[in-house]
> 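Questions regarding the structure given below will be posed in turn.
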There are 2 protein chains.
Amino acid sequence: MTDKDTRERIVEAADQLFYQQGYEQTSFSDIADAVQISRGNFYYHFKTKDDILQAVIDTRLATLQQILTRWDEEIPQPAERILQYIDVLITNQANIKHYGCPVGTLCSELAKLRHASQVEANALFAMTRNWLSEQFTLLGHKAKANNLAMHLIGRGQGIATLANVFYDEQFLKQEVQELRDWLQSLTVTKKTKPKKRPG
Amino acid sequence: MTDKDTRERIVEAADQLFYQQGYEQTSFSDIADAVQISRGNFYYHFKTKDDILQAVIDTRLATLQQILTRWDEEIPQPAERILQYIDVLITNQANIKHYGCPVGTLCSELAKLRHASQVEANALFAMTRNWLSEQFTLLGHKAKANNLAMHLIGRGQGIATLANVFYDEQFLKQEVQELRDWLQSLTVTKKTKPKKRPG
DNA sequence: GTCTATACTGAGATAGAC
DNA sequence: GTCTATCTCAGTATAGAC
């Protein structure tokens, strides 16, 4: 077992547990047990609990960046890309019902804790917002792009929160359908308008 | 200082602190300090921390019930009642920016903790949903009343979450305006087109 | 790099004096 | 009803053996 392997396994386990139990509620012992190392060994890799949180956030940021880049490369149409984002709610519905949105619940918890890493965690939202904003711009909604991005993320947060609290899959599916309709209404309205106006 | 007074003050302080810091993060010492009693005295009134949580939830349920009943009595039109509900986001925007939605953040935390009182806390949402559902029924949307109620609550949750995480008042205000427009579109009968309010 | 042993802290909770 | 003193336990963290 090399150093890197163990460190990676710690971050992976911490990521899972922070999502499932919350950051505050997850102890070193929980993580050590999950990775099957001693608590002492733990401190060789991370000095403090905050360090692990930072590593988890960094990993999530990198993963998110990869996903968004892949969507950019593999999906040509911006509307289809946004649809892909919306459908994550369906793909992850089992986890969302159990634990809520991994980004939203972490950011909310850190906000309440007034935690120093709140800014870094918020970057997860910011990265998504910026990416969505680009897609809406490509859709021809440049002026409102950022507002539309925030609106969509907010809708997703509300859906995840209630799907979690009420453990309601039916609600989640129906709301996702409404989001699809909403996106559709934004996609078709620009049919006859020219992309750029002279002057 | 009578028994009732102290108990009430404990519940009041706990309510505040649970909202501002979260349930798990709030210690007996925090509450005792806020009420300015000793920790020992504390246990005369509540045997366990869970007991305080239960008392806080009961108080919130009673308060919510009072508010909804008052709205029923004082506001004749169901659309105006729903508008009143939406405008709570504006009235409480300062608190929401700092701490999120008091109901949503508590229910989310308890869900993650798998806490026994989760069911009671969810009753806060359920009570609101039932009341909204009644209002939408009165508006003539009986078949969809429950779905509309859930949709509205979800929208509110998303708005509160992002307003909190991003500490963004502008976003909150704009989204509330969209909710007003959404309500308006549901209110208008079969006559003329609704006039959109200037932004 | 990994382990055991242990120090230190804060939190929940109890006992008993007043 | 309120207090002080104290207990227990979990969690963070360190030291040092291997």
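All values derive from a computational prediction rather than experimental measurement. Heavy-atom basis, side chains included; hydrogens, waters and symmetry copies ignored. Sequence lines set the chain letters: A, B, ... in the order given, protein chains first and strands last, and positions in each chain run from 1.
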> Check whether any side-chain nitrogen or oxygen of B:Thr48 sits under 4.0 Å from OP1 or OP2 of C:dG12, and answer yes or no.
no
> Determine, using the 4.5 Å side-chain heavy-atom cutoff (strictly less than), whether A:Ile75 and A:Leu132 are members of one ILVMFWY cluster.
yes
> Figure out the CD1/P separation between A:Ile37 and D:dC18, and round it to whole Å.
21 Å
> Closest to the B:Arg39 side chain: D:dA13, C:dC3, C:dA13?
C:dA13
> May I have the distance from B:Glu24 (atom CD) to C:dG10 (atom C1'), rounded to whole angstrom?
13 Å
> Base, sugar-phosphate alone, or nothing: which one does B:Ser27 contact when heavy atoms must sit under 4.0 Å apart?
sugar-phosphate
> How about A:Tyr23 and A:His115: are their ring centres within less than 6.0 Å of each other?
yes
> Identify the two heavy atoms, one from B:Asp30 and one from B:Gln25, that lie closest to each other, and give their separation to 0.1 Å.
OD2-O, 3.7 Å
> Could you tell me whether B:Phe28 contacts a base, only the sugar-phosphate backbone, or nothing, with contacts defined as non-hydrogen atoms closer than 4.0 Å?
sugar-phosphate
> Choosing from D:dA13, C:dT2, C:dC3, which nucleotide comes nearest the side chain of A:His45?
C:dT2
> Nearest-Å distance, NZ (B:Lys49) to C1' (D:dA10)?
13 Å
> Give the rounded distance in Å between these two atoms: CD of A:Gln36 and P of C:dG1.
20 Å
> May I ask you to evaluate whether A:Tyr44 reaches the phosphate of C:dG1, defined as a side-chain N or O under 4.0 Å from OP1 or OP2?
yes
> Distance check needed: D:dT4 C1' versus B:Phe42 CZ, whole Å only.
17 Å
> Where the side chain of A:Tyr43 is defined as all heavy atoms beyond and including C-beta, which of D:dA13, D:dT2, D:dC3 is the nearest nucleotide?
D:dA13
> Please check the phosphate of C:dG10 (OP1 and OP2 only) for any side-chain N or O of B:Ser29 closer than 4.0 Å.
no
> A:Gln177 and A:Arg180: side-chain donor and acceptor closer than 3.5 Å?
yes
> In terms of side-chain heavy atoms of B:Ser38, which of C:dA13, C:dG1, D:dT4 is nearest?
D:dT4
> Just how far, in rounded Å, is C1' of C:dG12 from CG of B:Leu53?
15 Å
> Starting at atom CD1 of B:Ile31, determine the distance to atom P of C:dG10, rounded to an integer number of angstrom.
18 Å
> Relative to A:Phe166, does B:Arg129 satisfy both conditions: NZ or CZ under 6.0 angstrom from the six-membered ring centre, and within 45 degrees of the ring's axis?
yes
> Take atom CD of B:Gln25 and atom P of D:dG11, then tell me their distance rounded to the nearest Å.
14 Å
> Has B:Asn41 got a side-chain N or O lying under 4.0 Å from the OP1 or OP2 atom of D:dC3?
yes
